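Written below as structure tokens is the structure these notes are about.
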Amino acid sequence: MSNGVNGDHHGPEPDQAELSRSEGELFLSEAFKIIVEEAVHKATDVKEKVCEWKDPEELRALMDLELGEHGESQQQLLKRVRDVAKYSVKTNHPRFFNQLFSGVDYHALTGRLLTETLNTSQYTYEVAPVFVLMEDVVLRKLRSLVGWSEGDGIFCPGGSVSNMYAMNIARYWAFPQVKTQGLWAVPRLAVFTSQESHYSMKKSAAFLGIGTENIYHVKVDESGRMIPEDLEAKIVHAKSQDAVPFFVNATAGTTVQGAFDPLNRIADISERNGMWMHVDAAWGGSVLFSKKHKHLLTGLERANSFTWNPHKMLMAGLQCSVILMRDTTNLLMRCHCANATYLFQQDKFYDMSLDTGDKSVQCGRKVDCLKLWLMWKAIGSQGLANRVDTAFANTRYFVEELKKREGFQLVSEVAPLIKERMVKKGSMMVGYQPLDSRVNFFRMVILSPQLTHSDLDFFLNETERLGEDL
């Protein structure tokens with residue numbers, strides 16, 4: 001076949017760094033052994049460090065991060081694979097308490113590896129037939145836990161984007177002309193969310209052109225739950241400023257205190273004012289699996305939409321986030337579709353409703369359903385419920401043990417110093433922060449079912465050891 005160029009040259013010489021199929025598979029096999037050893041086996045061993053801390057300049061030198069003109073040997077690359085694992089934080093470690101994700105589920109990890117290997121995009125049935133059907137089943141099952149026999153939803157790249165989808169869909173629901181005519185076609189809009197809600201509300205309002213000054217922050221009680229009376233007062237105040245209340249965000253599991261807002265009372269207020277009610281249940285949504293703790297989400301079925309991150313309490317692995325909706329009018333598709341003719345042809349030989357990609361603001365979309373589906377298949381709904389119950393039980397144990405100890409009233413200078421010492425030692429990792437008028441405190445995240453009481457005891461003992469001279 002002609003390449004359109006005159007002369008005797010038949011194409012570029014092959015790059016010497018390009019691997020043959022057999023060489024590539026050999027490298028992959030050797031690299032995989034290192035990954036399992038360093039990032040799985042050692043990373044979950046309580047006798048190993050959570051991190052091998054290095055200061056930035058030292059780490060840059062150790063990793064030799066700059067990129068060159070020529071390729072490196074396979075042995076050198078295998079060393080780089082090992083070094084990346086060695087100097088990274090082991091979030092699978094039993095004593096990693098730093099984020100709202102931790103631990104490892106081996107079935108979910110297998111799903112993540114297979115997802116990366118298959119390297120497809122979840123937008124049409126023709127390129128992702130298994131995953132289009134799988135996503136539909138998983139979303140339908142998640143909705144059924146709320147009590148919705150019908151509805152809609154989609155996997156999103158993280159809870160912040162799921163929340164942003166909710167705000168965008170709510171605006172389209174209230175003012176559909178915004179899609180074609182833009183911000184000129186809508187009045188000043190008002191968003192309501194609690195003082196303890198996730199910062200993605202601010203980012204969403206800024207990104208969508210609603211404006212952060214049009215977010216009304218509702219007061220919370222001592223436990224961090226939204227105060228419904230103040231929500232009503234804030235709505236009245238917004239109307240007095242000629243703003244149109246259209247969206248209220250309740251939180252089920254706040255980032256710091258883990259508080260669950262009173263959903264039924266917020267739903268009452270939302271319905272009276274004709275507002276879209278969204279629930280950010282990125283953290284707390286997983287309690288739906290637990291008969292013992294499901295009551296925390298009473299009223300969720302009245303919401304218009306909610307965000308849920310199975311990569312948090314269920315340990316599906318980053319990232320695994322969904323927005324689920326009660327809507328049955330195809331609002332998600334109507335809000336986001338652009339009808340790209342090179343992808344979503346109307347004369348395909350199969351049911352076009354299977355091409356769900358236009359529900360997303362993305363074109364290429366990573367497959368995020370497989371890891372959750374495989375994990376769910378492996379342990380069932382009861383196994384997932386056990387994880388939630390174990391997290392609550394471990395939390396109760398930790399609180400009771402904490403109450404027995406003297407000297408855990410930290411002052412603002414102490415938490416950062418203890419954090420520095422624990423990270424450099426590599427013994428464990430936990431975050432800290434202030435809250436309103438309270439000084440810095442450690443935000444202990446307990447979720448992994450691989451946690452033991454000895455790990456929790458270790459945290460208390462190690463904290464005392466690290467701070468005994470302060």
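Heavy-atom basis, side chains included; hydrogens, waters and symmetry copies ignored. The shown structure was predicted, so the numbers you read here are calculated from the model rather than taken from an experiment.
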Does the side chain of [Y] come within less than 4.5 Å of [X]'s, by heavy atoms?
| X | Y | answer |
| --- | --- | --- |
| Met325 | Asn304 | no |
| Lys202 | His217 | yes |
| Phe131 | Met134 | yes |
| Leu189 | Asn214 | no |
| Met375 | Leu384 | yes |
| Ile323 | Ile154 | yes |
| Val46 | Phe458 | no |
| Leu109 | Val40 | yes |

Indicate whether any N or O donor in one side chain lies under 3.5 Å from an N or O acceptor in the other, for [X] and [Y].
| X | Y | value |
| --- | --- | --- |
| Ser290 | Asp389 | yes |
| Gln257 | Thr254 | no |
| Asn309 | Ser321 | yes |
| His278 | Thr307 | yes |
| Ser160 | Asn163 | no |
| Trp308 | Ser286 | yes |

Does [atom1] belonging to [X] count more than 12 external heavy atoms closer than 6.0 Å?
| X | atom1 | value |
| --- | --- | --- |
| His70 | NE2 | no |
| His293 | NE2 | yes |
| Glu150 | CD | no |
| Lys203 | NZ | no |
| Trp173 | CH2 | yes |
| Lys292 | NZ | no |

Might you point out which heavy atoms bring [X] and [Y] nearest each other, and give the distance in Å?
| X | Y | result |
| --- | --- | --- |
| Thr115 | Leu370 | OG1-CD2, 3.5 Å |
| Leu374 | Gly111 | CD2-N, 3.9 Å |
| Val81 | Ile35 | CG1-CG1, 4.1 Å |
| Pro157 | Gln362 | CD-OE1, 3.3 Å |
| Phe27 | Gln74 | CD1-OE1, 3.2 Å |
| Leu263 | Thr298 | CB-O, 3.4 Å |

In Å and rounded to the nearest 0.5 Å, what is the [atom1] to [atom2] distance from [X] to [Y]?
| X | Y | atom1 | atom2 | value |
| --- | --- | --- | --- | --- |
| Asp327 | Met333 | CG | CE | 12.0 Å |
| Gln177 | Tyr172 | CD | OH | 10.0 Å |
| Ser305 | Trp276 | OG | CH2 | 5.0 Å |
| Asp152 | Leu332 | CG | CG | 5.0 Å |
| Asp358 | Cys335 | CG | SG | 11.0 Å |

| request: Evaluate salt bridge (Lys or Arg N to Asp or Glu O under 4.0 Å) for Arg365 paired with Glu135, printing each intermediate quantity in order. | output: CA-CA 12 Å; Arg365 183 163 66 94; Glu135 183 178 57; 2.8 Å; yes
Is [X] reaching over with its side chain to a backbone N or O of [Y], donor-acceptor style, under 3.5 angstrom?
| X | Y | result |
| --- | --- | --- |
| Lys90 | Ser88 | yes |
| His93 | Cys51 | no |
| Trp148 | Glu301 | yes |
| Gln122 | Ala128 | no |
| Arg326 | Gly151 | no |
| Lys371 | Gln319 | yes |
| Asp455 | Thr452 | yes |
| Ser194 | Ser197 | yes |
| Asp261 | Met226 | yes |
| Thr120 | Val127 | yes |

| request: Would you mind telling me which of Arg82, Arg80, Lys33 makes a salt bridge (Lys or Arg N to Asp or Glu O under 4.0 Å) with Glu38? | output: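 Of the listed residues Arg82, Arg80, Lys33, the salt bridge (Lys or Arg N to Asp or Glu O under 4.0 Å) partner of Glu38 is Arg82.
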| field | Stepwise salt bridge (Lys or Arg N to Asp or Glu O under 4.0 Å) test for Lys366 and Asp368 | value | CA-CA 6 Å; Lys366 187 178 176 67; Asp368 285 329; 5.5 Å; no
| message | The test is side chain to side chain contact (heavy atoms under 4.5 Å, CB included); show your working for Ile266 and Leu231 and say whether it passes. | response | CA-CA 8 Å; Ile266 294 169; Leu231 172 60; 4.1 Å; yes
| field | ring pair (Phe, Tyr, Trp, His ring centres under 6.0 Å) between Trp376 and Phe289, worked out | value | CA-CA 12 Å; Trp376 203 333; Phe289 282 99; 5.2 Å; yes
| Does the side chain to side chain donor-acceptor pair (under 3.5 Å) test come out yes or no for Thr329 and Arg334, once each step is laid out? | CA-CA 9 Å; Thr329 68; Arg334 288 187 287 122; 3.0 Å; yes
| query | Stepwise, does the side chain to side chain contact (heavy atoms under 4.5 Å, CB included) test hold for Trp373 with Lys141? | reply | CA-CA 10 Å; Trp373 178 85; Lys141 186 68 173 180; over 6 Å; no
| said: Apply side chain to side chain contact (heavy atoms under 4.5 Å, CB included) to residues Phe155 and Leu139 and explain how you reach the verdict. | reply: CA-CA 8 Å; Phe155 277 78; Leu139 291 171; 3.9 Å; yes
| task | Walk me through it: do Leu314 and Val388 pass the test side chain to side chain contact (heavy atoms under 4.5 Å, CB included)? | result | CA-CA 7 Å; Leu314 297 183; Val388 175; 4.2 Å; yes
| Hey, would you say the Phe246 and Phe175 ring centroids sit under 6.0 Å apart? |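 Phe246 vs Phe175: aromatic centres not under 6.0 Å.
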| query | Is it true that Tyr165 and His336 have ring centroids separated by less than 6.0 Å? | reply |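 Yes, ring centres under 6.0 Å apart.
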| task | Specify whether Phe459 and Phe97 have parallel, tilted or perpendicular ring planes, treating 30° as the upper limit for parallel and 60° as the lower limit for perpendicular. | result |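 Plane angle over 60°, so perpendicular.
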| Which class fits the ring pair Tyr216 and Phe192: parallel under 30°, tilted 30 to 60°, perpendicular over 60°? |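 Tyr216 vs Phe192 ring planes: parallel.
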| field | Arg112/Glu116 salt bridge by N-O under 4.0 Å criterion | value |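 Here Glu116 does not pair with Arg112 in a salt bridge, since their nearest N and O are not under 4.0 Å apart.
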